[in-house]
Structures are given as C-alpha cells and as structure tokens.
Amino acid sequence: MQKFFFLTLLFLLPGYSTFCQDSYSLTDSGKFVSAKSAEMEWWKKTTVYQIYPRSWFDTNGDSIGDIQGIIEKLDYLKDLGYETVWVSPFTESPQRDFGYDVSNYIAISPQYGTMQDFDRLVEAVHSRNMKLVFDLVMNHTSDQHEWFKESASSRTNPKADWYVWKDGRGKHGMKRPNNWRSMSGNWAWTYCPARQQFYYHAFLPFQPDLNYHNPDVKKAMFDVARFWLAKGVDGFRLDIISAIYEDSTLRNNPPSGRLTPSDKSLTILFQHIKYNFLQEQSFEFSTELRSVIDEFKNPDRFLLGESHGDESWINGFCNYKGKKGLKAIFLFNAVSTPFKATKYRKLITKFEKYFPEPLIPTLVFSNHDRTRTMTRLGGSVEKRKLQTLFQFTARGIPFTYFGEEIGIPKVRIPLKEGRDAIAIQQSWIPQFLVDGNKETLNRDECRTPMLWTSAPNAGFCPPDVKPWLPVASNYKEINVEKQWSEPNSLLNFYKAILHLRKETPALNEGSFEIASKLCSPKILAYYREYEAKKYLVLLNMSKSKVKNPFSGGKVLLSTHPIGQDQKLLPFEGRLVEVQ
Ligand code: NOJ
C-alpha cells in the first residue's frame, strides 16, 4: 500500500488547492477597495525575501550556510530593495527535515551558529531598517524533543498528554485509531511500544503533533513565541498552521472519490482529509496567538500562516467571527496557476474577494518545497520578468524565494540520492515516473545553493569544499555577480521594481482595480491608485504581439526596451503612470 503514496505526492504537492468547507467569506461585494490609510502597517506594504539558511552562504567551510552568512549578505538584499527577511528554521534539530523538526525551540542549532550570532543578526537587520521574520513550527516537534521523549515514555508522566495519543483498535490494539492520512501521503499514526498506543503526525512519523487541546501545550508554545519576540524578532511564519487542531473525537475522514487532489477538494488516496486539517478551532487559536503578539508593540509584529485550501475558508485564520487572527496567509494557489491572463485575473479577483482591506493577500510563486519558478516557466526570462511585474504591482505582500531573482533552475537530483525526508521516504519510486512530473518529489532540487559568482561552487562555499547539495551546473551564466553587471538582467529588473514599489505609495498601499475594459484573453490590466496618483499595469501574457489597449501616460518600467506605443511585444509588461 505504501507504494501508492507516491501517486498522491506527485499530485499533492502541486496544489493542495481547495478544501471543501462551507464558505466563510468576509465579503461578497467583490468591490476592490483599499483603506488608503497614512498609517498602514509596515507588514502590509513590505516585500519579503525567504532565505533557506542551509543553502545561502557558508562562511566557515562546513558545506552548509550559516547565520554569519546571512549577516554578510544582508547588504545584497538591502541594495536590491527588500524590506523583510524570512529565514527558514535554524533552531536545534536533528535536521531530518532540515529544521522543520525542532528539538529545542529556544536554542540555535550549532550547525548555524550561536545565540550571540543570532543577536547580531537581529541587530544587523534592524540597523539596515529591515525586518526579520522566521519560522515557528508550532504544529509538531521532532521525536527527539525532550517533550516527546518524556511523553512517549509512559502513559502517566507529566507530559503524557502533550501529544495526540490514542489506543489502537482491534483485539490487540494494533490497528490504527482511525483512517487518517498525513500530508506526506502515508498513514498519520505511528505505534509506540512503550505506551502501547499510537501517536498522530500530520507530516512525517518523526514529527509528532503537539496536542493543543491541552492548555499547558498552548502556554508553552506561546511562551516560546514571547521569548523570540522579546529578542526583537518582527514576526513568524507559522509552519502548517492548517494542521494545528484535529477533530477532538477523531472522526474517520470521508471518502473523496478521487485519487489525487483537485481544485475542488483536498484528497489523499480517495480520502478527503476533512477532520485532521483546517478545523475551525485553528481559527480560534489564531485569534489567541494574535493576542500574544499584540503584547509586543513598536513595531507591531507580523504573523503569517502556511495553509493550503480555498481562500473562501482559510481567510478564517485572519478574521474569525469578527476577531483578528493571523495577519496574512501564504496563499499557494498562485504557485500552480497557469501562466495565462485569464487565469491570473481569476486568481487576483478571488484574492480580492476573500482578502479585501483590511485583510491582504500574499503573492507567492515558490518556496523551499516547490519546483523552482524558472523551471516551471520553461526557463523563459521574459515570462519571469512579466510574472515579477505582476507580483510586485498587484495588491498583496510579495514573497521571493532565494535565487528566484536570478532564475536558479531546478537541479535534477535523483530520488535515490535525495537528502530530503520526502525523497528518502519515496526513494523506491522509479526515477522515470518522477522526471516527467511538474512538481518535484525530491525537495533537494529546489534547495540547491545560492549562486553568487562564477568562482568554483558559485561562491557559496570555499572551492575545496563539497557543498551539501550540488550547485546548478549553469552557475557561470546565472549568478548574482554577473547579473548585477548586466542592465537587462532578471536581477536588475527585480531591483528596479522593488525600488519603484517602495517609493510609490500607490503600488504598496493603493487601491486595486481590474481595468476590465483593457483586459482580453491575452492581456491582464489593472489600476493602482493612491490619493491623486493612478498607475496602470498592462501585462501581455501571450506569445503574440498585440495591440496596446491604452495609449498615453508615462511608461515607468517595462519588461522590454520600450518600443512602439501601439503594440505590446510577446510577454511584454508595462507600468504606466496615468495621472
Ligand atoms: C511545511 C514546510 O514548508 C516543509 O518544508 C516541512 O517539511 C513541513 N511543513 C513539515 O514541517
């Protein structure tokens, strides 16, 4: 049976898109309005850059990146124009899921540095007038965390109820408590001989889920958040917040009639994972967590939740029964949206419908779990520039995954050589089945090192060191140093749009409106407006030259050298000041 899980994964990773629940929309008006407040919160206007620390910059030659490496490369991000840095986990961990398996929430993993290094990082970020956000993995710990070791030791220890334990079914209690599957496709329960019980895990077996029905667990985790907030961290990205609560009566999941997920339902092997994900109680939890971070002011702090699912439901994390919760949700649906004007229009219209002001959508095309954007777009720099223009001019918080700005491609790494826990779990799958798939099953492929220069190892680590993952073979053509010196490079396009966005209130906090009359099956057009200033974004998302539906105005930025006013070149996008 295990062998069928890969099928799920092949299709699960692309979308997790819609989760069938009753609609919980905040507004049905569909009107695109913005508060135009002079005091709009910093996190609504910001731009976020995600660093995967292991792959960013190795300063001590141990083959993986480190905190010192983040500090040394901050000026790169500052010069590019980013305002917020999100760093994937660097707290203590056995690294089976590279930090998403935490064994101590308030200690730095020695592989990355020390607490003093971390304090220097906070200082270095703030002295550049930037913000620092990092991952808080609240849903589960590592099975090597002291909490779990204690909890697993007996049914009577003080932490016995800190994880989700349940007796097995059947005469000998060896049958799983219910039919739940985990997000990684396998069964969600693992047997523990010491307790003669099963524990639940929303992800992999070495990542047991904490039991948030227990108030002590909630308190302990909220104190972890306070610890870091007191140290000056500007907020958190909350790993699989969608899984924080499970149905307390552990009802069996219903069948779905589908093998793989679709836009209509999140299914795993004919199962709708209705009772172990996206419970309403998780929304309530978000409002409690919000109260915790609201204890910290000047500046106010950011809370970003990672959740798959339909926007009409998951906006409940941000506003639950009129109470404020998380500040934003990492919206995955953009990632696999086909590169078409009509599809992007539909997407942004939906985002506006379910995340209208005072909420805000996020604009995301990749992360450390997903296929590299450049590969997804077939290696087309033109398409990447157009997508970037969209990402930084539509209303929302744009996220860049490290290396996207230079177009690092997916680096093919066979499953059998994978260091990623998912790849290891699925390593028996014949490689030819994986190769043809759009989504990667081996997440190493999107985590290969940053390409800094054309020196050996692309400048990621010293030349005589073997990096933990191979660098992309085309690093001599694609690297920061080279693109920095080429005016028309993807990197310089990022720089231009980042600076324009920062300096132009309409782009970072203005109202948003689809310019319906200018849209067509090939063109997406929309306005951003703030006080007396109005801008038009025109995106020709087709491979044909098309008539420019708008003449006049002043072109502030174009994906192509500005040519004829009457025509838009294939995949040309323009930002036009109209008044
Ligand atoms: C989502 C993270 O993005 C992923 O990398 C991780 O493996 C799982 N959550 C489990 O923590």
Side-chain angles (χ1 to χ4, degrees), residues 5 8-9 12-16 48 50-56 86-103 105 109 133-145 148 163-164 181-186 188 190 199-210 212 221 224 236-244 246 266 268 273 276-278 282 304-309 314 317 326 329-332 335-336 362 364-372 399 401-402 418-426 439-448 469:
F5 296 150
T8 301
L9 277 159
L12 180 62
L13 290 170
Y16 301 106
V48 185
Q50 182 193 355
I51 291 179
Y52 196 69
R54 220 175 166 77
S55 301
W56 180 243
W86 152 28
V87 186
S88 285
F90 46 77
T91 48
E92 238 176 60
S93 155
Q95 304 290 340
R96 288 184 72 186
D97 193 12
F98 301 124
Y100 287 96
D101 47 335
V102 179
S103 53
Y105 284 95
S109 167
V133 168
F134 71 81
D135 265 89
L136 192 55
V137 188
M138 291 185 148
N139 178 66
H140 50 264
T141 67
S142 156
D143 60 2
Q144 298 306 304
H145 196 294
F148 185 71
Y163 292 81
V164 184
R181 290 196 180 277
S182 82
M183 219 166 188
S184 70
N186 49 9
T190 293
Y199 65 87
Y200 168 72
H201 44 89
F203 209 66
L204 289 160
F206 59 82
Q207 292 163 311
D209 269 46
L210 284 159
Y212 282 94
M221 197 52 84
V224 168
F236 304 110
R237 177 260 191 192
L238 305 161
D239 191 66
I240 51 170
I241 195 74
S242 49
I244 210 102
E246 310 75 39
L266 183 52
I268 294 182
I273 50 176
N276 45 341
F277 289 92
L278 290 177
S282 303
L304 168 78
E306 186 207 23
S307 177
H308 300 87
I314 61 179
F317 281 111
L326 308 186
I329 295 291
F330 199 80
L331 297 172
F332 279 96
V335 177
S336 49
T362 55
V364 171
F365 289 106
S366 121
N367 75 355
H368 59 287
D369 297 328
R370 308 299 297 268
T371 296
R372 284 277 187 188
F399 283 75
Y401 176 53
F402 90 91
R419 303 188 59 172
D420 168 28
I422 294 280
I424 292 168
Q425 181 187 263
Q426 312 296 341
E439 287 297 335
T440 178
L441 253 197
N442 176 3
R443 296 176 298 174
D444 292 349
E445 295 185 324
C446 61
R447 297 171 178 177
T448 59
L469 289 176

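Numbering of ligands and ligand atoms starts at 1, following listing order. For the single chain, residues carry numbers from 1 onward in sequence order.
Taking the six-membered ring where tryptophan is involved, the planes of Tyr401 and His368 are tilted, since the angle between them lies from 30° to 60°. Between Phe236 and Phe134, the ring planes lie perpendicular to each other; the angle is over 60°, past the 30° to 60° tilted range.
Side chains of Gln50 and Ser88: a donor-acceptor N/O pair is present below 3.5 angstrom, by distance only.
Distance check, rounded to the nearest 0.5 Å: CZ of Phe148 to OG of Ser142 gives 9.0 Å.
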Can you pull every nitrogen or oxygen pair between ligand 1 and the protein closer than 3.5 angstrom?
from	atom 1	to	atom 2	distance (Å)
ligand 1	3 (O)	Arg237	NH2	3.2
ligand 1	3 (O)	His368	NE2	2.8
ligand 1	3 (O)	Asp369	OD2	2.5
ligand 1	5 (O)	His368	NE2	2.9
ligand 1	5 (O)	Asp369	OD1	2.7
ligand 1	5 (O)	Asp369	OD2	3.4
ligand 1	5 (O)	Arg443	NH1	3.3
ligand 1	7 (O)	Asp97	OD1	3.3
ligand 1	7 (O)	Asp97	OD2	2.5
ligand 1	7 (O)	Arg443	NH1	3.0
ligand 1	9 (N)	Asp239	OD1	2.9
ligand 1	9 (N)	Asp239	OD2	3.1
ligand 1	11 (O)	His140	NE2	3.0
ligand 1	11 (O)	Asp239	OD2	2.6

Working note: Thr190 + His201, criterion side-chain hydrogen bond (donor to acceptor under 3.5 Å, both in side chains); need CA distance, chi angles, decisive distance, verdict. CA-CA 8 Å; Thr190 293; His201 44 89; 2.7 Å; yes
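Taking the ring centroids of Tyr105 and His145, they lie under the 6.0 Å cut-off.
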